[in-house]
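In what follows, chains are A, B, ... by sequence order, proteins preceding strands, each numbered from 1.
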Protein chains: 2
Amino acid sequence: MKFLIFAFFGGVHLLSLCSGKAIYKNGISKRTFEEVKEEIASYGDVAKAIINLAVYGKAQNRSYERLALLVDTVGPRLSGSKNLEKAIQIMYQNLQQDGLENVHLEPVRIPHWERGEESAVMLEPRIHKIAILGLGSSIGTPPEGITAEVLVVTCFDELQRRASEARGKIVVYNQPYINYSRTVQYRTQGAVEAAKVGALASLIRSVASFSIYSPHTGIQEYQDGVPKIPTACITVEDAEMMSRMASHGIKIVIQLKMGAKTYPDTDSFNTVAEITGSKYPEQVVLVSGHLDSWDVGQGAMDDGGGAFISWEALSLIKDLGLRPKRTLRLVLWTAEEQGGVGAFQYYQLHKVNISNYSLVMESDAGTFLPTGLQFTGSEKARAIMEEVMSLLQPLNITQVLSHGEGTDINFWIQAGVPGASLLDDLYKYFFFHHSHGDTMTVMDPKQMNVAAAVWAVVSYVVADMEEMLPRS
Amino acid sequence: MKFLIFAFFGGVHLLSLCSGKAIYKNGISKRTFEEVKEEIASYGDVAKAIINLAVYGKAQNRSYERLALLVDTVGPRLSGSKNLEKAIQIMYQNLQQDGLENVHLEPVRIPHWERGEESAVMLEPRIHKIAILGLGSSIGTPPEGITAEVLVVTCFDELQRRASEARGKIVVYNQPYINYSRTVQYRTQGAVEAAKVGALASLIRSVASFSIYSPHTGIQEYQDGVPKIPTACITVEDAEMMSRMASHGIKIVIQLKMGAKTYPDTDSFNTVAEITGSKYPEQVVLVSGHLDSWDVGQGAMDDGGGAFISWEALSLIKDLGLRPKRTLRLVLWTAEEQGGVGAFQYYQLHKVNISNYSLVMESDAGTFLPTGLQFTGSEKARAIMEEVMSLLQPLNITQVLSHGEGTDINFWIQAGVPGASLLDDLYKYFFFHHSHGDTMTVMDPKQMNVAAAVWAVVSYVVADMEEMLPRS
């Protein structure tokens, strides 16, 4: 489905680009901000063409439908799994068939952990089957399981105060949900802190803002010198129930069985495709999401949506017959969930060219209705991004907030490259995050259309402006 | 925690009741509506005392805490289960210890079905473990399960149109959620309709307005002369996924194993307690909820909340030292989920006294924030109920809508007895209904306080007014 912007808007902007107005020299800006504003404003028709195609035109719902086809076919895509391998191969073909350029796979080594069979049963005060999801990188239990009394705490401080009660027990954390970054510490550090005081295992209340008896998995981290103990998440409901029981002095005994196992690292790939720049092909605007997911649900929201609006951004630009001056590079990361493993190796390999990266973009916090961007960069760069976002006025999505970030792009941002992440409606994000509920049912095709339009306009305009985004 | 209204409001109302104003004779009203309004208005201080005690006073959060203790101790309470038996015995003791009168158990025979072990695995196009919950009264599969191709339909009409494709298949219903009463027909009738066209089993999209991969169980009904086939619910997510797969012509094969079994009917009880009427003890206002639940979650919302605000209504009235002229009777029904089994037997036994039932009340649609009552009765009775509800102005809960109902009280309503049900915020009710998510986490102590206040004011005032509610 390839057609040109000329059909819609008479090619005004593209013709003006052909006039070759020279406004800078040797990469050093001689332009005033007013001139840059004028340049950005000249993309108004391109932005409208992208919006029209993505939201109202023939491309509408495409990223949703492409995503549904992948995740229905493959299912979830855990680091080290056959599913992830299969998804990468499918995406490699998809991107080639889409007519993108320089489609290739960049090899990386990634962790391989499997949860195996797992179960938890409350034996006292009554028999109750507890829904669990083992946490990524956890060890398993002995085959007969670990049967022990429970110590319920609501925070690390309480664990410290009651350290003498923890030895030989299963520590249950019933920490309230405050926000993800604060509460997730119980998932990542809960086992280590419990092990330090002699616990045999830890069960962590899922990091979820709402629950229908849904366990939420995710990575956890052992610490050198601290014994490794098995650790899993439980539901908000069971954590609250055990907390109530404990507050009445009722003895709780749980039998925990986990077949979790870590295998040797395995081969995987970051998946790359481009629209090569017409004038500065060595310079790059990078758009990205991660292709791996947890091993439950479909990984549709985290991060199928981000990966697929990133692909869609390039598809939209290509369909409109546009080719920016700089190279637009799509990267679908592997093993993000294990700590940006694919992205780190990409950074190690490519950082030699860091001066050529104008902007790194990642969508990894949902593709619900966007309200703008989060951005990290110099004040000058931010002023430019605000002008770029004003092109999205037809969608009323113009905010540029602080703290652009993403596990996969933070390496670049920390090294000074401007970075942007999609700002969208997160209300339900942690209802589904890392749970069996992360499926296509969560996704909204219309919201994905809009998110893709934002992504395409920003990436295209920044890739096509005469100058790279200024750094600090 | 017993104290008198006098302490709060100087006993104005109670003193006025003692003056013995005779306004009717031989049960036939000689009063104008203005006189009835005046009588109801005189309960303003009583209503305030009940509200103060329930919402702001020493009784606040009591119904929530009592409920948590029961459902944490016992768990879910399926008809025919040991859990239900235990819950009934505990409630019998609770009601006696609370100082209520005529606490007793009325024997009834109830169904005994157990789901046993159950599982469903998608074998084609890819291996995927499907969350299911067998539906109440379903037969099981043979031990090796039923392995068959899937036919996905979105409605009964489509099943009819595609009847020739259904033979030997597992029918998957992916009906959209419209509202409970319309959509639940797929759960209750799905197996029968599928069996009529030769299907081997049926899987029904859960009747849920929102899902985090949550199956919702419930009763289903076989029909004489139609083969019985196993039937279970699946999640919204899996129903939608299979529907997408089918729309792409992809063959789906599922292996379904269900150990479900129906045992002979068993003994159970409706649990009854009263505050005996001071003047017309043979006349009754009945307040109720059901004590049984499905066998998942804790049955906290359905219908622990309804049962416990009904108990709380009597506790509040007793704590205030009030004794209405008519008997206030609490009934905690058994086996409601199997079709009002306990309530039907209660009706058969007690209908001889139907002329003595002034009002039957049931709360079985959540105890979230109430906005009023649903009421079925004559226009005169409705006008009286509107006056009664005006006593709840301090809580701004004064609506009287139509269609008062409840599985357990409908027998009486259909026979002409006025009936009322609690009208509350149902927004999330069908998120949790009949799912693992029906736990104490759903319940809000403050909302239960308010619901109990409404329940207590209405039941007390109607039980204490000089005349019974007029019938048609």
Side-chain angles (χ1 to χ4, degrees), chain A residues 64-65 67-69 71-76 82-83 86 117 122 125-131 174 205-206 208-216 235-248 250 252 295-298 300 428 430-433 435-443, chain B residues 64-65 67-69 71-76 82-83 86 117 122 125-131 174 205-206 208-216 235-248 250 252 295-298 300 428 430-433 435-443:
Chain A
Y64 173 93
E65 283 160 15
L67 176 60
L69 196 59
V71 302
D72 286 348
T73 303
V74 175
K82 297 273 178 217
N83 283 9
K86 189 175 170 189
E117 291 294 313
M122 182 188 283
R126 63 177 169 90
I127 300 289
H128 166 57
K129 196 177 160 189
I130 296 174
N174 180 36
R205 171 176 160 150
S206 289
S209 56
F210 180 74
S211 179
I212 307 181
Y213 201 68
S214 348
H216 295 232
T235 63
V236 170
E237 287 89 336
D238 279 335
E240 290 189 347
M241 181 176 73
M242 286 193 270
S243 183
R244 286 191 301 273
M245 288 172 167
S247 74
H248 289 109
I250 293 167
I252 304 166
D295 58 337
V296 291
Q298 298 189 297
K428 290 185 182 166
F430 292 105
F431 289 22
F432 307 115
H433 182 249
S435 83
H436 293 283
D438 180 353
T439 69
M440 284 308 293
T441 295
V442 172
M443 309 303 288
Chain B
Y64 172 93
E65 282 160 15
L67 177 60
L69 195 60
V71 303
D72 288 348
T73 304
V74 175
K82 296 272 177 218
N83 282 9
K86 189 174 170 190
E117 291 295 312
M122 181 188 283
R126 63 178 170 89
I127 300 289
H128 166 58
K129 196 178 160 189
I130 296 174
N174 180 37
R205 171 176 160 150
S206 288
S209 56
F210 180 74
S211 179
I212 307 181
Y213 200 68
S214 349
H216 296 232
T235 64
V236 170
E237 288 89 337
D238 280 335
E240 290 190 346
M241 181 175 74
M242 288 193 267
S243 183
R244 288 192 300 273
M245 288 172 166
S247 74
H248 288 110
I250 293 167
I252 304 166
D295 57 339
V296 291
Q298 297 188 298
K428 290 186 181 165
F430 292 105
F431 290 20
F432 307 114
H433 181 249
S435 83
H436 294 284
D438 180 353
T439 69
M440 283 310 293
T441 296
V442 171
M443 308 304 287

Handout entry: Step-by-step side chain to side chain contact (heavy atoms under 4.5 Å, CB included) determination, I212(B) to H436(A)
Key = CA-CA 7 Å; I212(B) 307 181; H436(A) 293 283; over 6 Å; no
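- Only the side chain of K428(A) has a heavy atom closer than 4.5 Å to any heavy atom of chain B.
- Only the side chain of L69(A) comes within less than 4.5 Å of a heavy atom of chain B; its backbone N, CA, C and O stay farther away.
- The backbone N or O of T441(B) sits nowhere less than 3.5 Å from a side-chain atom of E237(A) that would complete a donor-acceptor pair.
- Residue E65(A) places its CD atom among more than 12 non-hydrogen atoms of other residues, nucleotides or ligands, all under 6.0 Å distant.
- Of the listed residues (M242(A), H248(A), M245(A), M440(A)), the one with the most heavy-atom contacts under 4.5 Å to chain B is M440(A).
- Put simply, of V71(B), T439(B), D72(B), the one with the most heavy-atom pairs under 4.5 Å next to chain A is D72(B).
- Between S214(A) and S206(A) the shortest heavy-atom distance is O-OG, 3.9 Å.
- Only the backbone of V74(A) comes within contact range of chain B, with at least one heavy atom under 4.5 Å from a heavy atom of that chain.
- Using a 4.5 Å cut-off between heavy atoms, T235(A) does not touch chain B at all.
- A side-chain N or O of D238(A) and one of H128(A) form a donor-acceptor pair less than 3.5 Å apart.
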Exercise for the section: May I have the step-by-step check of side chain to side chain contact (heavy atoms under 4.5 Å, CB included) for T73(A) and R126(B), ending in yes or no? Expected result: CA-CA 7 Å; T73(A) 303; R126(B) 63 178 170 89; 6.0 Å; no
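- When each of E240(A), K129(A), R244(A), M241(A) is checked for heavy-atom pairs under 4.5 Å with chain B, R244(A) comes out on top.
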